[in-house]
Amino acid sequence: MQTDLAEFIKNTPQGREADAILRSCVHCGFCAATCPTYQLLGDELDGPRGRIYLIKQMLEGNPVSEKTQRHLDRCLTCRACETTCPSGVRYHRLLDIGREVLEQRVRRAGKERMLRFLLAQTVPRRRLFAAAVGIGRGLRPLLPQTLARKVPPAVAQTIVRPRPGRHDRRMLLLAGCVQPTLAANTNLATARVFDRLGIELIETPGAGCCGALRHHLQGRQAALDDMRRLIDVWWPQVDQGVEAIVITASGCGAQIRQFGELLKDDVRYAAKASRIAALAHDVSEVLTAEQEALLPLLRRRTASAAQRVAFHAPCTLQHAQRINGLAESLLTAAGYRLLPVADAHLCCGSAGTYSLLQPALATRLRDNKLAALLADEPVVLVTANVGCQTHLQSGCQQPVRHWIELIDERLQEQSSD
Ligand code: SF4
Ligand code: SF4
């Protein structure tokens, strides 16, 4: 694609990056076939090619309005288009740059600015978020149905954390900001599985948010402080040689794996950020690497364990991190019966704060996803990201869990024999 970027951005690092991305797009339109918003709305400007065109227009100095903002806001950043694109267009980076410029050009309405501000201030702060959810739960009977359904029910914390100091092998575990409130058992189950493998998982107090939330809401610059703080909290452990950083929320994993790139121009943090990005792995990758020890434990009782399970692969797992099939293989090895899911590449509509900012589209995507997941009547739905888990659970009666809980349960059944 030919480009002629405007003076205000042409000779900046962002301008050069955007220019290279724009030029890599050959305008073939293959990406539209897998774009969830294009499928729902049928408007070229609500698909990747149209959004690329809108960003190009803006960076070339053409006027922008709420119309451009509306079409870019509707993008889920699911990155299905990147998986499909034959030319390797790095759409998410172009969108990042486009959104940052757009925020400076088009002022949002007061109500929306306030909502975004409140989300950015509350959600990444673990205690504040827990308090806000607690208040929401208390007020649920008084709330309108549509709002009440958005307040997740309390989940009993049923797992006891393994005693520390029993193993020589040690890895870091990201606690996260919303997961301890919305799905407290996920990291506890993970710690118990790793304990069976002779690995201690360390959670560092004060680690907090990885920056993904603010990155989605306010752009890359707004997320940098969260990222630097996380690096500072983790660094003493990294320096002492932890083997890996284990992440159970694929949204956080996708963000942390970009730390090196996002902080490459920060002379104080660039090297540390790259080191942390290299150490960070989704829990499915770490357990696959440990399968020599894990599989014999899982396979002892597979004959009696054919529970019907539908797996939802979050976009941040399958499109951003390009991790496919690992959790499913481990569940199958543990004797669960994985059911086929139609259109598995499509987003469920959660997408960070998208379900709050674009509720109509998010609900349609959720309901389509649930119809696909429930088609073969699973007993349980599983996924790999707390946002998808909570969003899907808001639309169905069947339990929606993190897949690691099922692996943990299988190991617990065996140890109680
Ligand atoms: S982003 Fe990729 S698939 Fe989409 S129009 Fe451009 S080159 Fe084609
Ligand atoms: S990131 Fe997802 S919603 Fe956005 S343009 Fe690409 S496929 Fe469509």
Side-chain angles (χ1 to χ4, degrees), residues 1-3 17-60 67-103 212 215-217 219-220 250-251 254-255 257-258 312-322 324 343-369 372 385 387-388 391:
M1 187 189 286
Q2 292 291 313
T3 57
E17 187 177 3
D19 197 45
I21 298 170
L22 286 167
R23 283 169 182 267
S24 68
C25 174
V26 296
H27 234 63
C28 63
F30 287 170
C31 47
T34 56
C35 174
T37 54
Y38 180 73
Q39 284 194 5
L40 286 185
L41 301 167
D43 183 338
E44 172 76 9
L45 296 179
D46 285 314
R49 188 169 60 174
R51 291 181 178 124
I52 289 170
Y53 179 74
L54 289 173
I55 295 168
K56 176 179 183 290
Q57 292 282 92
M58 177 172 63
L59 299 184
E60 288 184 337
K67 182 171 182 264
T68 307
Q69 192 172 58
R70 187 165 59 247
H71 292 298
L72 295 196
D73 279 353
R74 284 181 187 155
C75 174
L76 294 138
T77 331
C78 69
R79 296 174 64 177
C81 49
E82 289 188 26
T83 301
T84 311
C85 174
S87 304
V89 172
R90 298 179 71 237
Y91 169 82
H92 74 285
R93 281 295 303 141
L94 183 67
L95 184 71
D96 262 3
I97 296 165
R99 280 179 168 165
E100 277 190 21
V101 174
L102 190 63
E103 280 308 302
H215 194 160
H216 271 286
L217 278 169
R220 186 180 64 103
S250 61
Q255 179 77 6
R257 288 187 129 158
Q258 290 187 80
H312 166 57
C315 301
T316 41
L317 192 72
Q318 60 170 325
H319 300 305
Q321 299 191 68
R322 305 273 170 107
N324 289 296
D343 293 328
H345 61 281
L346 287 178
C347 181
C348 69
S350 170
T353 51
Y354 191 92
S355 61
L356 299 169
L357 296 169
Q358 300 282 341
L361 283 173
T363 303
R364 287 173 71 186
L365 289 167
R366 183 198 68 187
D367 292 348
N368 290 347
K369 179 59 70 181
N385 188 51
C388 309
H391 185 54

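All ligand and atom numbering here is 1-based and tracks the order in the structure.
- If you look at Tyr38 next to ligand 2, there are no close heavy atoms at all, none under 4.0 Å.
- Atoms of ligand 2 lying under 4.0 Å from at least one heavy atom of Cys75, given by number and element, are 1 (S), 3 (S), 4 (Fe), 5 (S).
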### Query
Do Asp367 and Arg364 pass the salt bridge (Lys or Arg N to Asp or Glu O under 4.0 Å) test, and can you show the C-alpha distance, the side-chain angles, and the key distance before you say yes or no?
CA-CA 5 Å; Asp367 292 348; Arg364 287 173 71 186; over 6 Å; no

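- Annotation for ligand 1: atoms under 4.0 Å from non-hydrogen atoms of Ile52 are 1 (S).
- When heavy-atom distances to ligand 2 are checked against a 4.0 Å cut-off, Thr77 comes that close only through its backbone atoms N, CA, C and O.
- Atom 4 (Fe) of ligand 2 has no N, O or S atom of Cys78 closer than 2.8 Å.
- Residue Cys25 does not count as close to atom 8 (Fe) of ligand 1, with no N, O or S atom under 2.8 Å.
- Side-chain polar atoms of Asp19 and Thr3 form a donor-acceptor pair below 3.5 angstrom.
- Looking at atom 8 (Fe) of ligand 1, its nearest protein heavy atom turns out to be Cys28 SG, 2.3 Å.
- Set against the non-hydrogen atoms of His27, the atoms of ligand 1 under 4.0 Å away are 5 (S), 6 (Fe).
- Closest to atom 7 (S) of ligand 1, if we only count protein heavy atoms, is Val26 N, 3.3 Å.
- At the shortest separation from atom 5 (S) of ligand 1 among protein heavy atoms lies Gly29 N, 3.2 Å.
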